[in-house]
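Remember, it's 1-based here, ligands and their atoms both numbered in the order they're listed. What you see below is based on every heavy atom in this structure, not just the backbone, and it leaves out hydrogens, waters and symmetry mates. Just so it is clear, the model here is predicted, and its values are computed rather than measured.
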Amino acid sequence: MKKIAPSILAADFANLEKEIKAVALAGADYLHVDVMDGHFVPNLTIGIPVVEAIKKVSPIPLDVHLMIDQPEKYIDAFLNAGSDILTIHFESSSLQKIKESLTKIRSRAKSGLTLKPGTDVTNLTSLLPLCDLVLVMTVEPGFGGQSFMQDQVKKIEWLFEQRRQLKLNFLIEVDGGVNLETRKYLDQADILVAGSYIFKGNYAEKIQSIR
Ligand code: DX5
Ligand code: ZN
């Protein structure tokens with residue numbers, strides 16, 4: 001059964017505690033937290049103090065998606081803030097630093113690696129053994145509410161096949177434009193992130209419909 005991770009980017013920020021408890025009660029497995037720095041992506045969202053505050057009230061684990069440059073500078077802070085899964089972008093630092101960051105994350109939480117839609121997924125091969133999770137972006141990172149990029153589905157298929165061939169255990173997560181319509185492309189994914197689809201409507205019904 002698929003795990004569902006609502007993205008709080010689409011929640012009512014003035015009522016975050018209420019929203020988090022409501023999606024948890026509605027059956028969400030993780031809370032997806034989008035952190036953007038205005039450099040790596042052209043948008044700013046939330047930072048370490050908010051993650052810390054969310055952690056205190058969330059009944060479900062935090063799946064923190066860092067869309068920031070040089071994430072190695074902030075790994076400790078996001079782990080201390082309570083990230084249960086911490087995902088960094090392949091393009092956000094040097095290969096060596098990405099390796100070190102994944103190793104560090106893994107010593108305290110679940111390590112995640114992701115890539116922008118334009119990045120070749122085969123670049124990730126040597127890093128896969130360091131990942132508990134690989135996140136496939138099906139929109140250009142930066143904003144919620146965008147349309148699903150169907151050409152990214154082949155990355156999911158490639159990862160599914162690599163996992164089998166290399167006998168690895170990483171989970172495959174998909175983020176961006178996930179809804180009832182695009183769900184049909186996602187049978188090979190383990191975790192589905194959805195923001196606007198879940199938060200516009202009845203949370204339990206929406207979660208159940210894509211699970
Ligand atoms: C985009 C974020 C996504 C986004 C998903 O940069 O990483 O998590 O919030 O939103 P929807 O589901 O609305 O595409
Ligand atoms: Zn995200």
Side-chain angles (χ1 to χ4, degrees), residues 2-13 16 19-20 23 26 28-47 50-51 54 58 60-69 71 74 78 81 83-92 105 109-119 131-153 155-156 171-186 189-203 205-211:
K2 302 217 181 303
K3 305 281 189 198
I4 308 296
S7 165
I8 57 159
L9 205 53
D12 175 4
F13 275 147
L16 263 188
E19 292 275 65
I20 290 166
V23 283
D29 301 282
Y30 302 98
L31 198 67
H32 187 82
V33 183
D34 288 307
V35 176
M36 305 186 191
D37 68 351
H39 292 272
F40 184 73
V41 288
N43 195 7
L44 281 163
T45 54
I46 59 171
V50 178
V51 175
I54 289 171
S58 178
I60 51 178
L62 302 191
D63 170 29
V64 178
H65 176 193
L66 295 185
M67 286 160 273
I68 66 175
D69 274 326
Y74 301 98
F78 278 101
S83 308
D84 296 282
I85 300 171
L86 189 56
T87 295
I88 58 173
H89 265 266
F90 174 76
E91 310 86 351
S92 63
I105 294 169
K110 299 284 183 205
S111 64
L113 181 64
T114 184
L115 68 175
K116 290 180 171 180
T119 305
C131 299
D132 294 308
L133 175 152
V134 179
L135 172 59
V136 177
M137 291 304 300
T138 41
V139 295
E140 207 57 63
F143 300 91
Q146 303 181 77
S147 299
F148 183 84
M149 299 168 77
Q150 206 182 315
D151 60 349
Q152 298 303 305
V153 173
K155 286 186 182 171
I156 304 169
L171 297 174
I172 300 171
E173 182 176 39
V174 178
D175 182 10
V178 174
N179 56 39
L180 194 55
E181 171 60 24
T182 56
R183 169 64 180 79
K184 60 174 177 273
Y185 303 113
L186 304 175
D190 305 296
I191 306 177
L192 305 179
V193 176
S196 35
Y197 178 68
I198 291 175
F199 282 98
K200 282 185 197 151
N202 179 292
Y203 302 167
E205 281 173 22
K206 293 294 188 86
I207 288 170
Q208 198 48 41
S209 71
I210 50 172
R211 203 199 290 286

Between the side chains of [X] and [Y], is a donor N or O closer than 3.5 angstrom to an acceptor N or O?
{"X": "Ser209", "Y": "Tyr197", "result": "yes"}
{"X": "Gln152", "Y": "Thr138", "result": "no"}
{"X": "Asp34", "Y": "His65", "result": "yes"}

Find all atoms of ligand 1 within a distance of less than 4.0 Å from any non-hydrogen atom belonging to [X], and give their numbers and elements.
{"X": "Met36", "value": "6 (O)"}
{"X": "Leu9", "value": "9 (O)"}
{"X": "Phe143", "value": "1 (C), 6 (O)"}
{"X": "Met137", "value": "7 (O)"}
{"X": "Pro141", "value": "6 (O)"}
{"X": "Gly176", "value": "14 (O)"}
{"X": "His32", "value": "8 (O)"}
{"X": "Met67", "value": "6 (O), 7 (O)"}

Student check: side-chain heavy atoms of Glu91 and Leu115 closer than 4.5 Å: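 The answer is yes, as the side chains (C-beta and beyond) meet within the 4.5 Å cut-off.
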For the Zn ion (ligand 2): the N/O/S atom of [X] at shortest distance:
{"X": "Asp175", "result": "OD2"}
{"X": "His65", "result": "ND1"}
{"X": "Asp34", "result": "OD1"}

To which protein heavy atom is [atom] closest, and what is the distance rounded to 0.1 Å?
{"atom": "atom 3 (C) of ligand 1", "value": "Asp175 OD1, 2.9 Å"}
{"atom": "atom 6 (O) of ligand 1", "value": "Gly142 N, 2.8 Å"}
{"atom": "atom 10 (O) of ligand 1", "value": "Gly144 CA, 3.6 Å"}
{"atom": "atom 12 (O) of ligand 1", "value": "Gly195 N, 2.7 Å"}

Would you mind telling me if ligand 1 is within reach of the side chain of Tyr197, the backbone, both or neither, using heavy atoms under 4.0 Å?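 The answer is neither; Tyr197 stays 4.0 Å or more away.
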Mind checking whether Ser196 contacts ligand 1 via backbone (N, CA, C, O), side chain (CB onward), both or neither, at a 4.0 Å heavy-atom cut-off?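 Both of them.
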Can you find a non-hydrogen atom of Gly177 under 4.0 Å from ligand 1?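 So Gly177 counts as touching ligand 1.
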Look at Lys3 together with Asp63 and state whether they make a salt bridge at an N to O cut-off of under 4.0 Å.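 No salt bridge links Lys3 with Asp63.
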Passes side-chain contact (heavy atoms from CB on, under 4.5 Å), Ile85 versus Leu133? Steps please. CA-CA 8 Å; Ile85 300 171; Leu133 175 152; 4.0 Å; yes
Relative to each other, are the rings of Tyr185 and Phe148 parallel, tilted or perpendicular (30° and 60° limits)?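 Ring orientation, 0 to 90° scale: parallel.
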Taking all atoms of both residues into account, what is the closest heavy-atom pair of Val139 and Gly177, and its distance?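 Val139 and Gly177 have their closest heavy atoms at CG1-N, 3.8 Å.
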Kindly write out the residues that satisfy salt bridge (charged side-chain N to carboxylate O under 4.0 Å, His left out) with Asp190, not counting sequence neighbours, or none if the list is empty.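 In terms of salt bridge (charged side-chain N to carboxylate O under 4.0 Å, His left out), with neighbours along the sequence ignored, Asp190 is linked to Arg163.
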Any nitrogen or oxygen of Gln146, main chain or side chain, under 3.5 Å from a nitrogen or oxygen of ligand 1?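 In fact, backbone or side chain, Gln146 has no N or O that close.
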Quickly, which of Ile198, Leu186, Ile207 forms a side chain to side chain contact (heavy atoms under 4.5 Å, CB included) with Leu192? Name it, please.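 The option that passes is Leu186.
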Row check, Phe199 ring normal vs Lys206 NZ/CZ: under 6.0 Å, within 45°: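 Ring-cation test returns no.
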Heavy-atom count around Tyr74 OH within 6.0 Å, excluding the residue itself: above 12?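 For Tyr74, atom OH is not crowded (no more than 12 foreign heavy atoms under 6.0 Å).
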